[in-house]
Amino acid sequence: MEIPTKYNASNVETKWYEYWMEHNYFHSTPDEREPYTIVIPPPNVTGVLHMGHMLNNTIQDVLVRRARLQGKNACWVPGTDHASIATEAKVVAKLKDQGIDKNDLTRDEFLSHAWDWTNEYGGVILEQLKKLGCSCDWDRTKFTMDDDMSEAVIKVFVDLFNKGLIYRGYRMVNWDPEAKTTLSDEEVIHVERTDKLYYINYQIEGENNFVTIATTRPETILGDTAVCINPNDERFIALKGKKVIVPICNRVIPIIEDDYVDVEFGTGCLKVTPAHDINDKEIGDRHQLEVIDILNEDATLNSYGLHHQGKDRVVARKDVAKELDELGVLVKTEELIHKVGTSERTKAVIEPRLSDQWFLNMKDLVKPAIKAVLEDEDVKLFPKRFNNTYRHWMENIRDWNISRQLLWGQQIPAYFYGDGKDDFVVAESKDDALMLAKEKSGNSNLTLNDLTQDKDALDTWFSSWLWPMSVFDGIRNPENEEIKYYYPTNDLVTGPDILFFWVARMIIAGYEYKDEKPFSNVYLTGLVRDKQRRKMSKSLGNSPDALKLIEDYGADGVRVGLLLSSAAGNDLMFEEDLCQQGKAFANKIWNAFRLVQGWEIADIEQPESSHIALKWYEAKFQNALAEIEDHFSKFRLSDALMTMYKLVWDDFASWLLEIVKPAYQQPIDRTTYNKIITIFENNLKILHPFMPFLTEEIWQYVSERTPEEALIVAKYPIIEGYDTQLISDFETVKDVVSGIRTIRKEKNISFKDTIELSVLNNENLSSTFDAVISKLGNISSMSSVTETVEGALTFRVQSNEYFIPISGAINVEEEIEKLSQELKYTEGFLKSVQGKLSNERFVNNAPEQVVASEKKKEADAMAKIDTLKSSLASLK
RNA sequence: GGGCAAUUAGCUCAGUUGGUUCAGAGCACUUGGUUUACACCCAAGGGGUCAGGGGUUCGAAUCCCUUAUUGCCCACCA
């Protein structure tokens with residue numbers, strides 16, 4: 001087969017992806033082989049591919065492809081997440097564009113719009129992953145709202161409810177006024193802001209005196225039901241038992257005493273608004289205060305806002321402040337830097353709000369999950385430092401608010417049959433619910449029509465925490481073959497930002513429902529940032545178009561570029577140059593193959609240089625293979641890739657191929673050729689996980705292959721012992737060749753001109769590699785001498801001195817200068833080594849081998865000084 | 001406010017239990033190179049008080065203390 005001169009990435013990529021799909025190589029079914037399983041972190045169903053996904057999924061694909069080559073039954077389960085808040089927001093926005101208000105739609109109407117949207121945009125991201133080369137088992141593609149997935153979610157909810165772990169509570173929750181739903185604590189991001197701190201006077205009832213309180217939210221005074229002081233605060237003894245009048249609404253409220261108040265902060269007087277602050281709520285509970293909620297669900301003021309009713313809280317804040325000023329009770333304002341809770345999704349400022357929500361009691365559920373990670377290391381986090389973060393969160397975990405005031409998601413399976421607080425039952429179906437309701441209420445006349453299902457949906461994470469189990473139907477059918485075979489999965493690759501949202505909860509769910517970990521290793525990737533360390537985002541416009549990158553550099557180039565500098569847990573500073581480097585590497589491999597492929601083979605004798613070089617490379621390959629293995633065991637993918645990069649580019653292309661390369665238009669011997677082909681194939685095997693397309697393409701050019709012989713399912717090279725001496729000897733050879741090249745460059749001797757080389761051998765270096773040195777140095781004759789050669793250019797490698805005689809062109813002054821410099825350096829070195837050796841404490845305390853090595857250094861240095869001195873003498 | 005981590009060449013990072021191969025890699029840079037796989041290339045080369053200070057040790061990038069800077073996580077101070 002004639003190979004094209006240029007590697008055409010996009011044609012090749014399409015061809016092989018289709019080929020792999022056609023032959024079902026991504027598909028896995030349980031068999032007798034060892035399974036290797038990864039479940040994808042399901043991207044948002046309506047999302048598009050960004051750099052984070054690229055990195056994340058490249059890593060997963062590398063792991064999966066490698067496992068496949070190693071003979072494991074590799075299964076990578078893809079899918080998408082319904083992402084309730086994000087998706088619902090998008091659908092609401094789209095409806096709004098069409099002039100439709102969500103509130104005018106019935107539940108079913110809205111859901112039908114949402115499904116339309118999902119079907120239209122959903123899965124785009126999965127198609128993009130294919131472009132990247134991801135070898136997911138697409139037959140297994142799952143969506144968190146598939147019927148079976150939803151069933152599992154409901155089943156788990158009912159089960160946890162029946163275990164007494166899920167309860168309904170009227171609590172202070174985080175309210176996102178934009179999405180109009182509650183959020184879990186984890187979904188609240190605290191952002192530092194500068195706000196105004198308002199000092200406001202409240203008149204003491206029946207006196208012409210005032211107390212001053214400080215607040216950042218003056219509009220909430222309309223919900224005040226007390227003013228609180230610290231009982232030990234001597235300044236306010238006179239206030240005890242009195243009442244104050246809230247400005248604007250003129251409500252009379254008591255002055256209460258509570259230790260919570262910090263004497264140092266603000267004025268030492270705290271206004272208490274139980275409906276709008278978690279601490280105030282607690283104080284309120286302790287003192288049986290009235291709760292006055294002044295906000296609507298969209299954070300506009302309700303009737304308690306009086307003449308400010310209907311205004312947004314932010315507007316109301318200014319207006320109330322203005323009114324207070326006009327009333328003469330606004331004492332002053334100050335700038336205050338503090339943290340404000342915002343919604344992770346909508347960025348809206350969170351309002352603490354009291355409402356009925358569903359909670360999951362986490363206290364006991366987390367116990368096995370803590371043990372698994374921190375004690376038993378059944379689940380390992382990479383990098384390990386995340387153990388600390390994990391511990392802190394798990395040990396301080398609070399109950400999980402799992403209800404969301406959204407339609408898009410699994411509807412909470414609670415059915416109300418009366419108006420009472422506890423007049424509800426929880427069941428997997430409405431029929432079951434009716435039965436339970438009849439029982440619980442004692443009213444056997446209840447009908448399905450009397451039941452009203454809770455209108456809220458469950459938190460998205462309440463479905464995704466089951467993902468590693470539910471994709472194998474492990475919740476509904478715990479004993480099925482698939483879950484037994486694939487679970488627990490092996491590795492999970494995701495970002496540290498969802499360590500709590502998702503990773504920790506999967507571990508919790510795994511132990512609760514399978515009594516086993518969901519995965520053994522968690523590889524936490526870093527964020528992809530731009531060169532200025534800014535997070536890549538749409539709004540900054542600094543995120544490159546992922547598909548454009550693939551077009552420009554090829555999928556392999558992008559994959560290599562992404563992995564070149566991305567240690568686990570470290571952010572990746574991305575720039576296109578990296579992809580360029582990846583593409584250049586692909587080009588290098590391509591051209592190396594073109595060279596080999598162009599050789600004419602003849603049955604001639606194998607040159608000595610080729611023989612020894614091949615032996616060396618085989619050792620070097622094994623050495624690299626062991627290193628790569630070690631890197632993979634520690635999830636150091638960048639290092640593994642770099643090892644291959646250097647192996648293939650430097651050792652294989654620059655050294656080995658240059659050595660075995662026949663002279664122009666000369667044939668190569670068959671023995672060498674066959675070995676080179678085998679070596680090339682092994683190179684392709686180890687590179688394949690990183691560069692699947694290029695390697696598969698070349699693989700097919702190397703020799704005709706049946707589909708069963710495709711590279712994607714080839715056998716990974718086996719680690720064997722290797723000759724380390726050969727490797728270190730060759731390092732010396734490289735130094736000698738470099739020495740020759742340096743002299744050629746310094747003296748402007750063209751590589752085409754042959755030169756002679758003499759060696760003054762003080763070290764009995766093996767002459768095995770002489771043929772290699774001759775070839776790479778273009779040496780006409782090589783000889784060993786016992787004395788310094790006069791009138792020659794020299795260089796030294798270890799304690800050997802090399803001479804290149806050259807007629808008349810020696811600049812004696814220059815040579816003397818050069819040798820003197822080297823002598824001076826070596827003498828200095830010797831002095832420091834001898835200093836060490838004459839230190840008794842060093843000789844007595846240091847391990848034997850360290851002392852021995854110092855002695856060898858001393859001997860080498862002395863030998864070198866001798867040769868330098870005699871060379872200098874002969875020059876003079 | 002509490003905790004965790006980082007700081008090594010212009011950039012991105014390795015450097016495992018202190019000691020042979022400890023000051024490294026890739027990129028970038030400088031210089032030279034065009035008939036014979038690749039200029040997306042080849043060859044040679046320059047470049048670092050290992051953030052600052054102190055300590056332990058025969059010996060410290062590595063262990064301890066301290067200062068500074070940066071990043072991340074957690075936390076209800078109005």
Side-chain angles (χ1 to χ4, degrees), chain A residues 3 5-7 172 190 197-198 213-217 220 228 260-262 264-273 277-282 336 338-339 341 352 383 385-390 392-393 396 496-497 499-500 527 531 533 553 557 564-567 569-573 575 577-578 580-599 630 634 636 638-639 642-643 645-646 649 653-654 657-658 661 663-666 728 731 737-738 741-746 748 750-751 836 839-847 849-854 856-857:
Chain A
I3 184 166
T5 47
K6 287 280 171 201
Y7 174 64
M172 186 70 75
H190 291 92
L197 183 63
Y198 300 84
I213 58 92
T215 179
T216 53
R217 299 164 66 201
T220 62
C228 189
Y260 169 77
V261 177
D262 181 350
E264 305 287 320
F265 191 90
T267 61
C269 279
L270 175 70
K271 70 192 241 356
V272 184
T273 324
D277 186 282
I278 179 82
N279 298 303
D280 291 12
K281 171 68 166 51
E282 281 168 19
L336 177 74
H338 66 154
K339 296 271 183 109
R385 66 185 143 90
F386 282 105
N387 280 11
N388 289 324
T389 319
Y390 182 85
H392 188 262
W393 189 74
N396 294 286
D497 49 334
L499 184 59
F500 306 136
L527 283 172
K531 228 186 152 181
R533 289 198 174 267
Y553 301 99
L564 271 172
S565 70
S566 59
N570 279 12
D571 287 355
L572 166 69
M573 255 46 71
E575 46 178 324
D577 290 1
L578 288 168
Q580 184 54 49
Q581 197 184 340
K583 189 183 176 187
F585 186 42
N587 180 63
K588 183 73 189 178
I589 299 167
W590 182 254
N591 281 298
F593 184 68
R594 283 181 57 219
L595 171 70
V596 171
Q597 205 251 0
W599 286 334
D630 183 55
K634 294 166 182 157
R636 296 160 68 139
S638 297
D639 293 326
M642 187 47 74
T643 304
Y645 184 89
K646 287 192 277 193
W649 200 311
S654 297
L657 289 184
E658 288 303 323
K661 187 162 144 185
Y664 185 47
Q665 290 191 331
Q666 295 299 306
S728 66
E731 289 307 306
V737 173
S738 290
R741 285 170 175 164
T742 307
I743 292 214
R744 280 183 179 276
K745 189 187 174 193
E746 279 173 359
N748 245 330
S750 161
F751 184 80
K836 243 188 222 181
N839 181 338
E840 265 180 50
R841 282 180 298 185
F842 171 74
V843 180
N844 294 339
N845 293 325
Q849 56 181 12
V850 174
V851 178
S853 95
E854 289 300 314
K856 177 156 190 319
K857 277 188 199 166

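Chain naming here is simple, since letters A, B, ... match the order of the sequence lines and numbering starts at 1 in each.
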Going through the distances and angles, do A:Ile213 and A:Leu270 end up as a side-chain contact (heavy atoms from CB on, under 4.5 Å)? CA-CA 6 Å; A:Ile213 58 92; A:Leu270 175 70; over 6 Å; no
With rounding to the nearest 0.5 Å, note down the distance linking CZ in A:Arg744 to CG in A:Asn748. 11.5 Å
When the P atoms of B:G18 and B:C65 are compared, how many Å lie between them, rounded to an integer? 16 Å
Do the rings of A:Phe500 and A:Trp393 sit parallel, tilted or perpendicular, given the 30° and 60° boundaries? parallel
In dot-bracket, 5' to 3', how would RNA chain B read with Watson-Crick or G-U wobble pairs under 3.5 Å, [ ] for crossing ones and | for pairs to another strand? (((((((..((((.....[....)))).(((((.......))))).....(((((..]....))))))))))))....
Atom pair CG/OG1 of A:Asp280 and A:Thr220 - distance to nearest 0.5 Å: 8.0 Å
Identify the heavy atoms of A:Ala214 and A:Thr267 that sit nearest to each other, and give their distance. N-OG1, 4.1 Å
NZ/NE/NH1/NH2 to OD/OE distance under 4.0 Å, A:Lys281 and A:Asp277: no
Over all strands shown, is A:Ala663 touching base, sugar-phosphate only, or nothing at heavy-atom distances under 4.0 angstrom? nothing
Distance in angstrom units between A:Ile743 CD1 and B:G32 C1', rounded: 16 Å
Rounded to the nearest 0.5 angstrom, the OG-NZ distance for A:Ser654 and A:Lys588 is 5.0 Å
Any base atoms under 4.0 Å from A:Arg636, or only sugar-phosphate, or nothing? Heavy atoms, all strands. sugar-phosphate
Distance, C1' atom - from B:C22 to B:U17, rounded to whole angstrom: 16 Å
Hey, could you give me the CG/CE distance between A:Leu527 and A:Met573, rounded to the nearest 0.5 Å? 10.0 Å
Write down the protein N/O and nucleotide N/O pairs, taken from nucleotides 44-48 of chain B, whose separation is under 3.5 Å; answer none if there are no such pairs.
{"unit_1": "B:A44", "atom_1": "OP1", "unit_2": "A:Ser738", "atom_2": "OG", "d": "2.9"}
{"unit_1": "B:A44", "atom_1": "O3'", "unit_2": "A:Thr742", "atom_2": "OG1", "d": "3.3"}
{"unit_1": "B:A44", "atom_1": "N3", "unit_2": "A:Lys745", "atom_2": "NZ", "d": "3.3"}

Determine the Euclidean distance between corresponding P atoms of B:A28 and B:C40; express it in Å to zero decimal places. 12 Å
Value in whole Å for how far the P atom of B:C73 lies from CG of A:Asp497: 9 Å
Roughly how many Å is it from CD1 in A:Ile278 to P in B:C76, rounded to a whole number? 9 Å
Review item, nucleotides 3-8 of chain B N/O atoms under 3.5 Å of protein N/O:
{"unit_1": "B:C4", "atom_1": "O3'", "unit_2": "A:Asn388", "atom_2": "ND2", "d": "3.4"}

From the list B:A78, B:U16, B:U12, which nucleotide is the closest neighbour of the side chain of A:Met573? B:U12
Looking at CG of A:Asn591 and NZ of A:Lys6, how far apart are the two atoms once the value is rounded to the nearest 0.5 Å? 7.0 Å
May I have the distance from A:His338 (atom NE2) to B:A75 (atom C1'), rounded to whole angstrom? 15 Å
Using the C1' atom on both, measure B:U31 against B:U36 and round to a whole Å. 25 Å
Does A:His190 have any side chain to side chain contact (heavy atoms under 4.5 Å, CB included) partners at least two apart in sequence or in another chain, and if so, which? A:Val188, A:Lys339
Measure from CG on A:Leu578 to C1' on B:C13 and round the result to the nearest Å. 12 Å
Looking at side-chain heavy atoms only, is the closest gap between A:Arg741 and A:Val737 below 4.5 Å? yes
Write down the distance separating the C1' atoms in B:G52 and B:A61, rounded off to the nearest Å. 15 Å
Any chance you could measure A:Asn587, atom CG, to A:Arg594, atom CZ, to the nearest 0.5 Å? 9.0 Å
A:Phe585 CZ to B:A37 C1', in whole Å, measures 15 Å
Donor-acceptor pair under 3.5 Å, A:Lys588 side chain vs B:C40 base: no
Grab the NZ-C1' distance between A:Lys661 and B:A37 for me, whole Å please. 7 Å
Applying ring pair (Phe, Tyr, Trp, His ring centres under 6.0 Å), can you list everything that pairs with A:Tyr7, at least two apart in sequence or on another chain? A:Trp590
On a whole-Å scale, what distance lies between the C1' atoms belonging to B:C58 and B:U67? 29 Å
Go through the steps for A:Tyr260 and A:Glu282 under the test side chain to side chain donor-acceptor pair (under 3.5 Å), then give the verdict. CA-CA 10 Å; A:Tyr260 169 77; A:Glu282 281 168 19; over 6 Å; no
Whichever of A:Ala584 and A:Val261 has its nearest RNA chain B nucleotide further upstream toward 5': A:Ala584
Nearest-angstrom distance, C1' atom, B:C50 to B:C13: 13 Å
Of all the nucleotides listed (B:C40, B:C42, B:A78), which has the minimum atom distance to the side chain of A:Ser654? B:C42
Stepwise side-chain contact (heavy atoms from CB on, under 4.5 Å) test for A:Thr216 and A:Leu336: CA-CA 8 Å; A:Thr216 53; A:Leu336 177 74; 3.6 Å; yes
So does A:Tyr260 reach the base of B:C76 with its side chain, donor to acceptor, closer than 3.5 Å? yes
Rounded distance in Å - CG (A:Leu336) to C1' (B:C77): 10 Å
Toward the 5' end of RNA chain B, by each residue's nearest nucleotide, A:Glu658 or A:Asn279: A:Glu658
At under 4.0 Å between heavy atoms, what does A:Glu575 touch on the DNA or RNA strands: base, sugar-phosphate, or nothing? nothing
On a whole-Å scale, what distance lies between the P atoms belonging to B:C76 and B:G71? 23 Å
Hey, what are the protein-to-nucleotides 24-27 of chain B N/O distances that come in under 3.5 Å?
{"unit_1": "B:A25", "atom_1": "O2'", "unit_2": "A:Lys646", "atom_2": "NZ", "d": "3.0"}
{"unit_1": "B:G26", "atom_1": "O2'", "unit_2": "A:Gln581", "atom_2": "NE2", "d": "2.8"}

